[in-house]
Chemist: 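One structure coming up, written as structure tokens, with questions to follow.
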Amino acid sequence: MDDFLWRAVLGAGLLGAACGPIGCFVMWRRMAYLGESVAHMGLLGAGLGLLIGINAVVGTAALAIVAALVMARAGDRTIPAGTFVGIVGHMGLALGFILLATMENVRTDLLGYLFGDVLALSAADVAAIAAASFGVLAVTALLWRPLLRNAICGNIAAAEGERGGLPQTAFLVLVALLVAFGLKVVGALLIVALLIVPPAAARPFARTPEAMAAMAALAGALAAPIGLALAYLTDAPAGPCIVLAAGAIFAASALASRLWQAFA
Amino acid sequence: MSEPLIAADRLSVHAGGVHILDRVSLAVRPREIVTLIGPNGSGKTTLLKAVLGLVRSEGTIRRRTGLKIGYVPQEFGRDPSLPMTVGGFLALFAPVRAREDALTRVGVAEARNRQLGALSGGELARVLLARAIAGRPDLLVLDEPMAGVDVAGEAALYHLIADIRDEFGCGVLLVSHDLHVVMAQADRVVCLNRHVCCEGDAHAVVRDPAFLELFGARAAGELALYAHHHDHAHTPSGKTVCHDG
């Protein structure tokens, strides 16, 4: 097997594993739409990062973090928070696309930013993704209880004196980091799939949030080799194949849980 | 009289130019059960949230130093996407021993390994109460803890709250809609309609004109019995007129 394929399996697998547990919180807190908009803003971040000569991932991470923190505080009464978040995200997507399209040297990579270019990961990229993934998993584990208290009922925690600011901010930063590092793997348009599909696949078999997070991490990690094998055999684009593989795991899980219920 | 656990002085809350609460003062002392009653939209939940610091308000709130609060919110959305056992839920907030004691005390110890989503309304109300007392609070704040509880269950739950007050010596601030049980268990009733309409020790409020206006003579007749102090009247337009400061 070629080296680039190993790098792709490693990079996408680690990222998928890190997306699983944080994705559970995205699901529990109904924040898929916020994640989507953060990812859209990430495209603008990539464009800005390239424009001012720093790396695209750094630009994406920076803008995604800012966007996540700002959008999470959206709450004008006459415009629903979701709509506001959508407006900001789509403006980011449109602006980012225009910015990238006007840059001669990246024009060929445009699709890569939207749908990922996992087969082009360098050894340094994989190392960066690995560091980010382990970092995200470590912080998630460290903040597990406050994050969970906030997800279950933030008002209880706040009323009883817990400061919810740190876990909330940390959560948004972690989502933004995964979005940034996911840009090269499955792209700005598909990264949220890695956040929401594995937790949905894990849900029917979990009785505790910890088990669900672990199973989601496993499902996210498994989607990488399955999707890349699919891409290898069919010559289809790799990023979308990884997302489809996650979808297949979800479908298999849903089917298995139905059968389990019917016959158990 | 002992120092209040928590005292709110002239709390006002506005949203979009509308007064949700207008200069409401309230205090809860140790071992006291203070019940907020009032029609829908009268600001009961907002008052609890303002007192707890969950919504922004004007006015002052003083807490006794080191005050430990146990809170049962009105809306506890059980999320079907979040798998969680009763035991696991309590363990997020309290050590194992306290968790077991609390579950046993409210009579739901056998529900320890069940999913939150599979509980009946009455069981959930008890589990939420168990969670709130597991941390041995000085003040219990209960917002409509009877939601989803049947009538027989309501009375039992009120007795339980009163018993817990006796055992733990905590103060209780609660919102309720069930006037009968309120009158039976509350030490002090505060009748709220954006401002404090009337308040008194539980056998005075039902005879108050403001109470009659809010709940009707029938409710008052059924409850009867209560001696208190009303410091304002209402004009036909609903404006308040103070007659004795």
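For clarity, every value in this text was computed on a predicted model and none was experimentally measured. Proteins get letters first, then strands, A, B, ... in listed order; numbering begins at 1 in each.
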Chemist: Sort by residue number and list every member of residues 13-33 of chain A having a non-hydrogen atom under 4.5 Å from chain B.
Modeler: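 Interface residues of residues 13-33 of chain A: A:M27, A:W28, A:R30.
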
Chemist: Could you list all the ring-ring contact (aromatic ring centres under 6.0 Å, His included) pairs where at least one residue sits in residues 185-206 of chain A, not counting sequence neighbours?
Modeler: none

Chemist: Of all the heavy-atom pairs spanning B:F93 and A:R145, show the shortest one and how long it is.
Modeler: N-NH2, 4.3 Å

Chemist: Is the backbone N or O of B:Q115 less than 3.5 Å from a side-chain atom of A:R207, with the two atoms forming a donor-acceptor pair by type?
Modeler: no

Chemist: What part of B:L54 lies closer than 4.5 angstrom to a heavy atom of chain A: side chain, backbone, both or neither?
Modeler: side chain

Chemist: With a 4.5 Å cut-off on heavy-atom pairs, point out which of A:E162, A:R149, A:E210 contacts chain B the most.
Modeler: A:R149

Chemist: Under 4.5 Å from any heavy atom of chain B, what part of A:R203 do you find: side chain, backbone, both or neither?
Modeler: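 Side chain only.
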
Chemist: For B:K49, which atoms come within 4.5 Å of any heavy atom of chain A: side chain, backbone, both, or neither?
Modeler: side chain

Chemist: Which atom pair, heavy atoms only, marks the closest approach of A:I156 to B:Y71?
Modeler: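 Heavy-atom minimum between the residues: CA-CD2, 3.8 Å.
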
Chemist: Which one of B:T85, B:L67, B:L92, B:V72 has the most heavy-atom pairs closer than 4.5 Å to chain A?
Modeler: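 Counting heavy-atom pairs under 4.5 Å, the top option is B:L92.
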
Chemist: Quick check: closest heavy atoms across A:P209 and B:M84, and the distance to 0.1 Å?
Modeler: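 Looking at all heavy atoms of both residues, the closest pair is CG-CE, 3.7 Å.
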
Chemist: With chain A as the partner, which of B:G53, B:G70, B:A132 has the greatest number of non-hydrogen pairs under 4.5 Å?
Modeler: B:G70

Chemist: Contact part of B:R78 toward chain A, heavy-atom cut-off under 4.5 Å: side chain, backbone, both or neither?
Modeler: neither

Chemist: Any idea which heavy atoms bring B:P83 and A:A206 closest together, and the distance?
Modeler: CB-O, 3.4 Å

Chemist: Please examine the side chains of A:L148 and B:L82, heavy atoms only from C-beta on, and report whether any two atoms are closer than 4.5 Å.
Modeler: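 B:L82 vs A:L148: side chains touch.
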
